[in-house]
There are 2 protein chains.
Amino acid sequence: MQEILKNQIDKIVPLTDAEFQVVLSYFSIGKYKKHQYILQQGNSVPYVHFVVKGLLRSFYLDKSGKSHILQFAMEDWWITDNQGFYNEQNATLNIDCLEDAQTYYISLENRTKLCSELLPKIEFFFLQKMTAGSIALQNRVLSLMSKNSEERYTQFIQLYPNLIQRLSKTLVASYLGISRETLSRLSP
Amino acid sequence: MQEILKNQIDKIVPLTDAEFQVVLSYFSIGKYKKHQYILQQGNSVPYVHFVVKGLLRSFYLDKSGKSHILQFAMEDWWITDNQGFYNEQNATLNIDCLEDAQTYYISLENRTKLCSELLPKIEFFFLQKMTAGSIALQNRVLSLMSKNSEERYTQFIQLYPNLIQRLSKTLVASYLGISRETLSRLSP
DNA sequence: TAAAACAAGTGACATAGATCACATTAAGGT
DNA sequence: ACCTTAATGTGATCTATGTCACTTGTTTTA
């Protein structure tokens with residue numbers, strides 16, 4: 001179970017088993033049920049979660065009550081409300097479980113300690129992860145600006161073939177920024 | 001002139017003058033004219049630029065020939081094609097100057113050296129910058145999904161009151177993902 | 001195993017925003 | 001100062017997508 005996190009880190013900064021045990025000691029384990037909220041708009045954002053098992057999403061509820069999915073997170077992905085977490089502000093996002101889930105989570109304080117005092121090279125790992133996340137978001141912005149619904153849907157299927165099998169069309173539509181009716185009229 | 005970069009770094013990790021001179025020695029100075037390209041789609045992406053003076057933009061040209069602005073960068077901002085730069089791939093973006101400009105630029109190799117060998121704490125600076133950039137992109141995604149043209153325009157004015165004075169409506173429209181005619185029909 | 005809640009398809013209609021086409025005015029380059 | 005090129009506004013359409021409404025089938029769950 002720990003292997004999944006160790007493997008991810010090892011791809012970027014190889015750690016000894018002892019080092020990894022130090023890393024892990026800064027995380028806690030959380031178990032959640034389908035439909036359970038991990039974070040609600042307005043609350044503080046104490047943790048980033050690394051998903052060990054299950055499927056979660058982060059989403060924004062606009063003033064008219066429509067929800068817009070910012071991110072999905074399945075095994076081996078990270079999820080939080082970045083703005084809330086890193087700036088220590090209240091959440092503008094909600095996070096809930098689309099399937100029963102288990103995560104390793106860490107506080108900002110522990111993350112900082114881990115990076116600066118104990119294992120500086122883990123900071124490089126987080127920098128790489130943040131960079132990759134930022135690149136993905138850039139592509140998403142360009143996709144929203146330059147592609148129509150069908151092109152965005154096709155791109156999503158290509159990008160996340162494993163994820164899509166676990167999602168309803170309604171969820172995919174809410175991620176792509178289109179209505180479920182429009183998505184329904186696209187697919188073969 | 002160097003002060004602008006030193007001040008930015010100091011806000012996150014205070015440096016001695018000597019340390020800052022080391023940092024600076026890893027950068028080069030570039031001067032560019034209005035309309036000049038700094039990066040073209042398909043080329044390699046050798047540098048990140050810190051803007052000392054002037055105004056640049058990065059944009060994506062879609063297959064139908066329409067351009068979509070991903071980012072503006074004026075004094076004190078950073079700009080590059082992240083995907084190309086960090087993954088050492090060819091650029092999918094173009095960068096050109098909207099005004100005569102001057103930048104400090106650094107290669108990936110030098111950036112890595114600087115972080116890992118010479119001044120580890122500068123890595124923390126880059127991590128903070130990347131985090132802030134990522135948060136801005138998240139908000140942009142949510143804005144594109146949940147707001148209409150007028151709301152996005154209003155938000156842009158609030159967010160970048162100084163930048164907007166230096167931009168034509170056509171450029172703002174291309175950043176917001178709407179046509180210049182629509183933007184023209186919005187403003188008072 | 002019945003009832004309730006969810007997922008998905010589809011018709012009819014509404015609409016934000018795109019596109020095309022000009023006109024006017026303002027900058028820049030030589 | 002003159003000519004070219006850019007910037008802006010505005011009318012007249014067109015269209016992709018949203019919204020509303022209803023149906024049917026499929027999971028949940030009590």
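Keep in mind that this is a model prediction, so the values were computed, not measured. Reminder, nothing fancy here: chain letters follow the sequence lines and each chain counts from 1.
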[X] side chain near [N] phosphate (N/O to OP1/OP2, under 4.0 Å):
X: B:T170; N: D:dT8; value: yes
X: B:K169; N: D:dA6; value: no
X: A:S149; N: D:dT17; value: yes
X: B:T182; N: C:dG17; value: no

To the nearest Å, give me how far apart [atom1] ([X]) and [atom2] ([N]) are.
X: A:E151; N: D:dA16; atom1: CD; atom2: P; result: 12 Å
X: A:K66; N: D:dT19; atom1: NZ; atom2: C1'; result: 9 Å
X: A:I178; N: C:dA8; atom1: CD1; atom2: P; result: 13 Å
X: B:L176; N: C:dA16; atom1: CG; atom2: P; result: 18 Å
X: A:R185; N: D:dA21; atom1: CZ; atom2: C1'; result: 11 Å
X: A:K33; N: D:dT28; atom1: NZ; atom2: P; result: 13 Å
X: B:L98; N: D:dA6; atom1: CG; atom2: P; result: 14 Å
X: A:L186; N: D:dG18; atom1: CG; atom2: P; result: 9 Å

For A:L167 and B:E181, take the nucleotide of DNA chain C holding the closest heavy atom to each; which residue's nucleotide lies nearer the 5' end? A:L167
Return whichever of B:R152 or B:H35 has its heavy-atom-nearest nucleotide of DNA chain C closer to the 5' end. B:R152
Over 60° means perpendicular and under 30° means parallel, so classify the ring planes of A:W77 and A:Y160, tilted if in between. tilted
What class does the angle between the rings of B:H49 and B:Y32 fall in, given that below 30° is parallel, 30 to 60° is tilted and above 60° is perpendicular? perpendicular
The nucleotide from C:dA8, D:dC20, C:dA18 with an atom nearest the side chain of B:S179 is C:dA18
Of the nucleotides D:dG9, C:dG17, C:dA7, which one has an atom closest to the side chain of A:S168? C:dA7
Can [X] and [Y] be counted as having a side-chain donor-acceptor contact under 3.5 angstrom?
X: A:T182; Y: A:S179; result: yes
X: B:D62; Y: B:H68; result: yes
X: B:N94; Y: B:Q41; result: yes

May I ask you to verify whether the side chain of A:R180 and the base of D:dT17 hold a donor-acceptor pair under 3.5 Å? no
